[in-house]
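Atoms within each ligand, like the ligands themselves, are counted from 1 in listed order. No hydrogens, no waters, no symmetry mates; every other heavy atom, side chains included, goes into these values. Predicted, not measured: the structure shown is a model, and the values here were computed from it.
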Amino acid sequence: MSRPNYDPQAIEAARQEAWQQRGDFEAPQPQEGQARVYVKPSSPFTSGNLHMGHVRDYSIGDSYARFRRGRGDAVLFGFGFDAFGLPAELAAIERQEPPADWVAQCGERMLGQMKRLGFSFDYDRVFYSSDEAQYRWSQWLFVTLLARDLIYRADTTVDWCDTCQTTLASIQVEDGRCWRCHNEVRLIRRPTWFLRITPYLEENDRNVERLQSGGNWDELSLATQRYILGRADGIELDLEGGDGRSLTVFTPHRKFAGAASFVVLSPRHPEVDEWATDPAAREELERMRSGGWDRSARDAHSVPLVDTGASIAGPGGEELPVVVSPIVDARFGPTAALGIPAVDEADRDIAERLERVEVPVSDDGEEGEAPAATPVEGARETTCYRANDFSISRQRSWGTPIPVILCEQCGPVPVPDEDLPVVLPRDLKPTGEGNPLAERPDFVDVECPKCGAAAKRETDTLDCHFDALWLWVPAAVPPEARDEQMFSHPDLQEWLPAERLVAGNDSGGFVFDQRIVTKALRDIGPFSFIEDGEPFAGCLFHEMVIADGRKMSKHLGNVVNPDELVAENGADTVRMAVLYAAGPAKTLNWSDGAVRFASRFLRNLWNYTHDRAAAIEGLSHDPEAAADTEHMRDRLRKWCENGLARITADIEQLQMHKAVRNITRLLERIQDYEKRVLQRRGELDRADAEAQLAALVLLARTLLPFAPHTAEELLVALGVEDSAGALEAWPEEVDIPVQPSASPASP
Ligand SMILES: [Zn+2]
Ligand SMILES: [Zn+2]
């Protein structure tokens with residue numbers, strides 16, 4: 001019998017057809033005593049194309065999901081699209097079509113790519129955040145949090161992008177630039193809706209230690225949570241102005257509070273207007289708030305600074321100038337801080353710009369010499385967090401309508417639950433300017449639910465960051481139950497918290513806020529069963545995929561297209577290559593070398609396995625000869641045991657690059673075993689070959705999570721039954737026949 005060709009396209013199409021027909025990846029109803037494993041991948045924007053970062057993300061998540069299924073655990077591997085927001089809106093503007101149409105096309109295309117790559121999602125559970133049935137619950141969440149005062153409307157300064165004509169959450173501002181268009185962002189004043197996260201910062205902080213000791217959060221993900229929190233430990237003290245005004249100030253420099261030479265207030269500090277009373281200072285402050293603050297000016301040399309002209313008595317009674325600067329926000333949150341140039345470099349830079357302050361330390365090489373400690377009486381230990389409430393409303397049309405009616409008599413009135421969803425007009429065609437919702441009388445003009453007077457709907461929509469707060473929930477609810485029971489279905493208690501989140505390292509902000517809102521929903525009721533308020537029991541963040549040492553971009557012409565790679569090499573090769581090329585904590589600098597390596601490995605394994613499976617037919621068993629090589633079969637068994645233990649441990653820790661490496665090593669061992677037997681006796685006894693085939697079965701089983709199509713086809717060729725249960729079973733132990741008596745006698 002001639003060996004079949006390794007034809008990835010044909011093999012993969014056949015296996016995918018079988019998976020779909022059998023419904024292999026539908027999330028099961030967990031059985032008593034069965035471990036429940038919800039693997040949550042990142043939720044892609046409906047951009048229309050998977051990029052290599054997605055391939056990396058889903059290849060890690062998929063191999064883990066397949067591994068856990070193989071161990072007999074109940075696995076939910078589901079996701080939905082983050083379909084609202086600017087990317088889709090801008091693409092729709094460019095193409096002059098309704099965003100809803102664009103999103104539907106993109107989603108379909110991306111699902112096709114995912115299926116072609118063989119990712120074992122429960123595709124029946126896929127959802128779009130822009131579906132009415134879905135955003136109805138974003139609106140429910142808004143109203144629910146509003147009733148608990150965790151959402152509020154405030155006339156305040158917000159980050160504004162001129163290009164995108166929208167306000168931005170602080171998380172969307174990267175180094176003073178817009179996350180989307182990379183243009184500089186400025187600060188303006190307007191009424192906006194805020195999510196109040198401050199009540200849960202301390203608990204998020206506390207829990208990070210626990211998540212770390214649990215061992216299922218990797219270093220990268222923990223580091224993002226600490227960074228976003230921005231914890232600063234120090235002291236606070238109350239300063240008295242001579243005129244009855246007082247101010248509570250913070251400093252991280254406990255021992256040197258007495259050496260303070262000015263006080264710096266955040267422009268968002270609630271009492272800032274009381275200090276900027278001088279007309280000139282007031283004007284400057286207004287300018288800072290309404291656009292004068294160029295957000296790229298982050299460092300202390302160039303950050304905006306307003307000297308209020310006012311002073312306050314310092315800890316030692318000396319007069320300290322009071323200044324206003326957003327540098328406080330960037331360091332400690334919207335608070336007031338002591339400026340201590342003697343020990344703090346940023347404060348020294350500020351002091352140099354303040355004519356009223358003497359700079360105590362010159363820059364003439366005396367660095368490292370700490371001044372004498374000057375602690376003060378009456379200081380209280382305290383902790384500041386840089387993370388703060390953020391704006392969740394945007395002046396864009398492709399988003400969840402905010403379920404609020406603005407009435408002149410009653411103020412903002414939430415839309416009653418029975419009137420949800422507030423439907424976004426489906427035929428809405430954004431132009432890229434202003435907010436088209438505001439120009440639609442059929443949307444805007446309504447009656448006030450409270451007093452019945454003519455009123456207007458809020459025309460801001462929710463930032464897709466708000467939708468993302470609960471984007472990890474819907475996959476856990478059967479699609480047919482989502483209308484009624486999105487936050488109350490009994491399955492939520494089966495699947496939540498998610499056993500593992502696998503996402504790119506730019507997801508830290510999403511995860512941080514998801515952790516906040518879980519705690520809020522625990523306290524409100526629906527998630528009372530998640531006692532610690534943590535949505536993810538484990539978390540793996542991976543770095544991005546780059547090419548030629550640079551970020552992939554159309555502009556640089558270095559984008560690697562997954563479709564082309566798959567068409568040329570097959571999905572298994574691409575999946576293996578992307579896993580093999582780098583550990584998750586490392587940036588993956590794409591090269592064809594990894595593809596060549598994976599392709600060669602799979603082809604070699606295919607040929608080798610088929611050849612050995614065919615050759616055994618012609619071998620006979622001679623007890624004496626078999627006894628002579630028993631120690632070799634025993635060594636093969638040990639190699640297999642060793643390899644299996646390593647690969648299992650690697651996958652448990654989601655270190656897939658190590659697992660793939662250990663699988664390739666195992667093949668080398670199996671080939672080495674054959675070579676040694678041949679060196680000793682010139683040919684294999686049937687017992688030797690049976691041991692070898694058993695080792696190849698083991699190898700194919702460990703390969704299955706990574707290259708599932710090829711591995712399944714090999715298992716079938718080796719005589720394993722062609723059913724999901726028989727194929728995907730993870731080997732818990734090694735079964736290599738060592739004793740010749742264990743093998744049936746040959747004719
Ligand atoms: Zn922008
Ligand atoms: Zn009213």
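- Side-chain atoms of Lys40 never come within 3.5 Å of backbone atoms of Ala498 as a donor-acceptor pair (strictly under, hydrogens ignored).
- With the Zn ion (ligand 2) as the vertex, SG (Cys451) and SG (Cys410) define an angle of 110°, rounded to 10°.
- Rounded to 10 degrees, the SG-metal-SG angle spanning Cys178 and Cys161 at the Zn ion (ligand 1) equals 110°.
- Closest approach of Cys178 and Val185 over heavy atoms only: N-CG2, 3.4 Å.
- The aromatic rings of Trp217 and Phe536 sit tilted, their planes meeting at an angle between 30° and 60°.
- Side chain of Gln113 to backbone of Leu50: a donor-acceptor contact under 3.5 angstrom is found.
- In this structure, SG of Cys448 and SG of Cys407 enclose an angle of 110° at the Zn ion (ligand 2), rounded to 10°.
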